[in-house]
Each structure stands twice: as structure tokens, then as C-alpha cells.
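What follows is a single structure, written as C-alpha cells, with notes after it.
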Amino acid sequence: MRRAHCTFLLCFAFFFAVLSKADQQINKFQPHVHESFTPGLIQQTVGSSCAYTVVISTSCLSPKYTTDQISIIFGDAFGNQVYDSKLVNPFTITFEQCSTNTFQVTGSCSLEICYVYFYRNGTVGWIPQSVEIYGSFSTPAVFFFNSTTVPEGEWYGINKCQHVPSAPPPSSALRLQIIPGWFLHLILGILASSIFLSY
């Protein structure tokens, strides 16, 4: 009886680990607020050697037009970022409801663009539908916002990167990062099972 109970708990721990991993992957591709971006830091890290065409579709649920200032940042998983503080189309009303606007942006050369974030400053509001980014040396990137509102005063977007660049961690932290998350959940499940069965 105890062995069957232990097997059930192990299976439950493994199932929980798999679901947790899948949920993290799904949420990563959904539009979300990025709390660590700051406009000052982005302006200092931007290069200016490659040209990009950015095609942005505005949702039909968006206001008829917006006067809000819309900034954009996108890049790859290796720290190459492109930033434009104010997207403006001189030939049309920018971000009109149910419209598509095309922008020319220059910045660091990215190999494979895997994230895009918007920053909105104003009170009118704006709801994007999708973003397409084309570069000279990168494959086309497409992001779907599915008519979600960009909050005012926060970086909001999608991150599909498999690797997110960061400062080099200490050697002990590096060893922990090598262990997959699902494996840690499994170990925790086994420990919880052994403690439960010892009573």
C-alpha cells in the first residue's frame, strides 16, 4: 500500500513539473509587462548600423486614432537592441483604428529578432493587433498582440527568446541554472513524498 502511494505521489510530482514548464512557455509568448526596461538605459545601449521595416497593425477595438507617444524596442537573444523613442508616420494618421502603419527604424544589427515591446505615453490609449519586423540580416519576425491594450507608462510586449542575455552569474548560480526546472520539481516531489511517508 505504501509503495502504491509513493508511486502516485511521484507521478503527481512529475505531472506537476511538466504542466508548470508548459505554462511558463505559453505565458512567455503572451503580451506582458516587462518591468526591467528603462528608457534611459535603452538609449545608451542602442547602435545605428542596420535598417528595419516595422509594420504595425492597429486593432479595430482601438480608439479611432491616438495622439499618445508610442515607443518601440526589439532585438535578439544576444543583446542586440533596436529602439525608437517615437514612432511617427508622416504620410498618414499614425495608429488609426483598423489601420496598418509602416515605419523605417535603424539600430543594432540583430540576427533573429525574438522580442518586441511598446511603451505608451499619453491618455488616449492604443491597442495593437500585430507587428511584423523585416531586417537586412535577420529573418522576418511576426508578433500577435491579439487586441490587448498597451498600458500607459510601462514596457509591454512579447518575448519568444530561448536565451535572455544577462550579466554573468557567480559560479554557484551558473551550476544551478544548468539543472532543468522540471527536474527540480521532481526532486522536491520526491522529498515531499518521503517526508509524508515517514509519518
Side-chain angles (χ1 to χ4, degrees), residues 24-161 164-165:
Q24 289 174 3
Q25 194 74 2
I26 290 170
N27 289 336
K28 185 178 179 182
F29 296 159
Q30 298 300 317
H32 60 275
V33 171
H34 194 307
E35 298 174 355
S36 65
F37 274 162
T38 57
L41 176 64
I42 293 166
Q43 288 174 348
Q44 293 170 10
T45 59
V46 165
S48 57
S49 54
C50 283
Y52 298 88
T53 299
V54 181
V55 181
I56 302 173
S57 296
T58 296
S59 171
C60 293
L61 300 176
S62 191
K64 188 171 182 181
Y65 63 90
T66 186
T67 56
D68 294 352
Q69 178 177 325
I70 306 296
S71 304
I72 188 173
I73 185 169
F74 57 87
D76 59 24
F78 304 101
N80 300 305
Q81 294 181 339
V82 180
Y83 172 66
D84 194 315
S85 62
K86 188 175 183 181
L87 293 172
V88 177
N89 190 328
F91 305 108
T92 62
I93 298 176
T94 307
F95 304 126
E96 192 175 12
Q97 185 184 67
C98 299
S99 70
T100 299
N101 292 112
T102 302
F103 305 92
Q104 302 300 321
V105 181
T106 58
S108 299
C109 294
S110 297
L111 297 175
E112 184 175 354
I113 297 161
C114 54
Y115 68 86
V116 60
Y117 288 91
F118 290 109
Y119 187 91
R120 183 177 64 82
N121 185 16
T123 58
V124 177
W126 176 58
I127 304 176
Q129 180 66 38
S130 64
V131 182
E132 301 173 37
I133 303 171
Y134 303 90
S136 305
F137 303 104
S138 58
T139 56
V142 182
F143 302 88
F144 295 100
F145 280 75
N146 299 321
S147 299
T148 54
T149 302
V150 174
E152 199 269 337
E154 294 184 289
W155 286 102
Y156 183 77
I158 300 171
N159 185 349
K160 298 180 181 179
C161 299
V164 179

Review point. Just checking, any donor-acceptor pair under 3.5 angstrom between side chains of Glu132 and Tyr134?
Key: yes
Check your understanding: Tell me, do Phe143 and Pro128 make a side-chain contact under 4.5 Å, heavy atoms counted?
Key -> no
Exercise for review: Check each of Val82, Asn101, Val105 against Val54 using the side chain to side chain contact (heavy atoms under 4.5 Å, CB included) test, and report the only one that passes.
Suggested key: Val105
Review point. Heavy atoms, side chains only, cut-off 4.5 Å: are Phe103 and Asp84 in contact?
Key: no
Point to revise | Backbone of Leu111 reached by a side-chain donor or acceptor of Asp76 within 3.5 Å | key: yes
Check your understanding: If you measure only the distance, is there a donor-acceptor pair under 3.5 Å linking the side chains of Gln104 and Thr53?
Key -> yes
Check your understanding: Any donor-acceptor pair under 3.5 Å linking the side chain of Gln97 with the backbone of Cys60?
Key -> yes
Check your understanding: Any side-chain heavy-atom pair from Trp126 and Ile56 closer than 4.5 angstrom?
Key -> yes
Check your understanding: With distance as the sole test, does Ser108 use its side chain to make a donor-acceptor pair with the main-chain N or O of Gln81 at under 3.5 Å?
Key -> yes
Exercise for review: For the pair Thr66 (side chain) and Gly125 (backbone), establish whether a donor and an acceptor sit closer than 3.5 Å, ignoring hydrogens and angles.
Suggested key: yes
Review point. Going by distance alone, is a donor N or O of one side chain under 3.5 Å from an acceptor N or O of the other, for Ser85 and Ser71?
Key: no
Review point. Going by atom types alone, do Glu154 and Tyr117 pair a side-chain donor with an acceptor below 3.5 Å?
Key: no
Point to revise | Glu112 CD: over 12 foreign heavy atoms closer than 6.0 Å | key: no
Point to revise | No-hydrogen, no-angle side-chain donor-acceptor test under 3.5 Å, Ser147 and Gln129 | key: yes
